[in-house]
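Predicted model only: the values in this text are computed from it and were never measured.
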Amino acid sequence: MNGILPVLPTPYDSDDKVDSQAMKGVVEFCIKSGANGLVFPGVASEYDHLSQAERIALLSIIAETNRGRLPIICGGGKGTANEIIKNIQAAIPFGICAVMILVPNQFANNVEQARLFMAEICSAVPQVDIVLQNAPQPVGAGLSPEAVASIVRKIPNIKYIKEEALPSGARISELLKHAPEHLQGVIGGGGARYLIDEMKRGAIAAMPAAEITDLHAKIWQLYCDGNESSARDLYMRTLPMLLIQAIYRMRLTKFVLTARGVLSNDIVRAPLPMFDDADKLEINHLLSLLSPYIENCDDK
């Protein structure tokens with residue numbers, strides 16, 4: 001796994017049912033935008049608001065639409081270790097390349113319990129590569145780099161870490177300094193708001209939301225090609241949109257994808273702030289400023 005790995009949003013129809021056809025469009029958009037992998041379900045997929053049947057149905061659609069073109073990383077969801085194990089086992093038939101497991105916030109002050117939780121899951125699916133997701137509280141435990149490294153060191157099928165606690169850059173440096181040999185890399189999160197810093201510190205991938213996958217893929221490629229100046233310029237142009245995304249989360253993602261013709265609506269199930277008319281004007285203005293760069297992306 002490397003590069004830009006967008007977390008796919010869950011589209012809904014006007015009756016608040018998952019929209020299978022729209023999900024196919026999201027997958028095609030991400031592939032054509034230059035994504036290096038597809039992540040589902042993640043926090044940005046509203047997995048807290050999906051039934052297991054909905055998650056599996058959508059994962060099936062993603063795999064069918066993808067047709068093996070990109071690796072698929074499945075989110076393990078939330079719940080007890082046993083519930084997450086069942087989620088993983090249900091996802092394996094769809095050809096996933098790895099599973100991302102969030103260290104729950106109840107283990108924020110108990111590293112040993114966090115290790116036992118991860119160990120129980122990982123030992124049940126030893127054939128699956130695991131991404132340990134360290135998210136800040138209240139979403140996750142927000143463990144220290146030393147604590148995360150100590151967990152990974154004892155569980156050989158944890159092959160990746162997704163570091164989202166802040167400051168993510170310094171944490172990535174610390175994780176790589178103490179990484180065991182079996183760790184294949186650290187992945188950045190935080191909506192790609194710290195993308196350049198994370199790349200400079202050795203992150204092998206990033207998992208942002210999907211609304212500007214093409215721009216994120218372009219930034220990644222420019223940086224990897226040695227054109228840091230152009231990568232930074234484009235990165236700076238995306239930040240105003242990403243600051244709004246930090247507040248409105250999936251609502252911003254779906255609003256932008258609707259404006260770009262990928263989705264037909266921006267319905268969310270998550271209890272997120274609503275846009276007012278001024279918000280919508282500002283987002284559309286930012287999209288107009290980004291339009292030349294979207295149109296010039298090599299993969300569009």
Hey, is the main chain of [Y] close enough, under 3.5 Å, to the side chain of [X] for a donor-acceptor pair?
{"X": "Glu83", "Y": "Thr80", "answer": "yes"}
{"X": "Ser45", "Y": "Thr10", "answer": "no"}
{"X": "Ser291", "Y": "Ser288", "answer": "no"}
{"X": "Asp15", "Y": "Lys17", "answer": "no"}
{"X": "Thr213", "Y": "Cys30", "answer": "no"}
{"X": "Arg193", "Y": "Gly189", "answer": "no"}
{"X": "Asn284", "Y": "Leu281", "answer": "no"}
{"X": "Asn265", "Y": "Tyr12", "answer": "yes"}

Please name the pair of heavy atoms, one in [X] and one in [Y], separated by the smallest distance, quoted to 0.1 Å.
{"X": "Phe94", "Y": "Ser60", "result": "CE2-CB, 3.4 Å"}
{"X": "Leu143", "Y": "Phe107", "result": "CD2-O, 3.6 Å"}
{"X": "Val26", "Y": "Pro11", "result": "CG2-CG, 4.3 Å"}
{"X": "Met207", "Y": "Val7", "result": "O-CG2, 4.1 Å"}

Checklist line | Evaluation steps, side chain to side chain contact (heavy atoms under 4.5 Å, CB included), between Phe40 and Ile72 | finding: CA-CA 8 Å; Phe40 184 88; Ile72 297 173; 5.8 Å; no

So, do [X] and [Y] sit near enough that their side-chain heavy atoms are less than 4.5 Å apart?
{"X": "Val99", "Y": "Ile73", "answer": "no"}
{"X": "Ile267", "Y": "Asp13", "answer": "no"}
{"X": "Ile85", "Y": "Ile88", "answer": "no"}
{"X": "Leu70", "Y": "Asn36", "answer": "no"}
{"X": "Asp19", "Y": "Met23", "answer": "no"}

Checklist line | Exercise: do Gln221 and Asp225 side chains pair donor with acceptor under 3.5 Å | finding: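 Looking only at side-chain atoms, Asp225 and Gln221 do form a donor-acceptor pair, the distance falling under 3.5 Å.
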
Next item on the list: Would you kindly say whether Glu163 and Asn134 are connected by a side-chain donor-acceptor distance under 3.5 Å?
Entry: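 Asn134 and Glu163 do have a side-chain donor-acceptor pair below 3.5 Å.
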
Next item on the list: May I have all residue pairs that pass ring pair (Phe, Tyr, Trp, His ring centres under 6.0 Å) and include part of residues 147-194, sequence neighbours excluded?
Entry: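 Output for this query is empty, none listed.
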
Margin query: Per the ring pair (Phe, Tyr, Trp, His ring centres under 6.0 Å) rule, what does the pair list look like for residues 123-145, sequence neighbours excluded?
Written below: none

Checklist line | Basic-acidic side-chain contact under 4.0 Å: Asp214, Arg260 | finding: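 Here Asp214 pairs with Arg260 in a salt bridge, since their nearest N and O are under 4.0 Å apart.
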
What about [X] and [Y], same hydrophobic cluster or not, with Ile/Leu/Val/Met/Phe/Trp/Tyr joined at side-chain heavy-atom distances under 4.5 Å?
{"X": "Met241", "Y": "Leu239", "answer": "yes"}
{"X": "Val39", "Y": "Phe29", "answer": "no"}
{"X": "Leu5", "Y": "Val262", "answer": "no"}

More than 12 heavy atoms of other groups within 6.0 Å of [X] [atom1]:
{"X": "Arg201", "atom1": "CZ", "result": "yes"}
{"X": "Lys78", "atom1": "NZ", "result": "yes"}
{"X": "Asn109", "atom1": "CG", "result": "no"}
{"X": "Asp277", "atom1": "CG", "result": "no"}

Next item on the list: Could you please spell out the steps behind the salt bridge (charged side-chain N to carboxylate O under 4.0 Å, His left out) verdict for Glu28 and Lys24?
Entry: CA-CA 6 Å; Glu28 290 294 347; Lys24 295 178 183 179; over 6 Å; no

In residues 120-130, what donor-acceptor pairs under 3.5 Å come from side-chain atoms, sequence neighbours left out?
unit_1: Ser123; atom_1: OG; unit_2: Ala119; atom_2: O; d: 2.9
unit_1: Ser123; atom_1: OG; unit_2: Glu120; atom_2: O; d: 3.1
unit_1: Asp129; atom_1: OD1; unit_2: Lys159; atom_2: NZ; d: 3.4

Next item on the list: Please step through salt bridge (charged side-chain N to carboxylate O under 4.0 Å, His left out) for the pair Arg237 and Asp233, ending with a clear verdict.
Entry: CA-CA 6 Å; Arg237 294 175 189 276; Asp233 177 70; 3.1 Å; yes

Margin query: Below 30° counts as parallel, above 60° as perpendicular, anything between as tilted: where do the rings of Phe275 and Tyr248 land?
Written below: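 Phe275 vs Tyr248 ring planes: tilted.
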
Next item on the list: Would you please test Lys162 and Glu164 for salt bridge (charged side-chain N to carboxylate O under 4.0 Å, His left out) and show each step?
Entry: CA-CA 6 Å; Lys162 183 187 181 187; Glu164 296 192 275; 3.6 Å; yes

Next item on the list: Please report the C-alpha distance between Glu112 and Arg115 in whole Å, then the side-chain angles of each, then the deciding distance to 0.1 Å, and finally whether the salt bridge (charged side-chain N to carboxylate O under 4.0 Å, His left out) criterion is met.
Entry: CA-CA 5 Å; Glu112 179 58 17; Arg115 184 191 67 78; 2.6 Å; yes

Check: Could you go step by step and tell me if Glu198 and Ser168 meet the side chain to side chain donor-acceptor pair (under 3.5 Å) rule?
Finding: CA-CA 7 Å; Glu198 291 172 348; Ser168 60; 2.8 Å; yes

Note to self: I need the single residue from Arg269, Lys254, Arg55, Arg251 that forms a salt bridge (Lys or Arg N to Asp or Glu O under 4.0 Å) with Glu46. Which is it?
What the structure shows: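 For Glu46, the salt bridge (Lys or Arg N to Asp or Glu O under 4.0 Å) check succeeds only for Lys254.
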
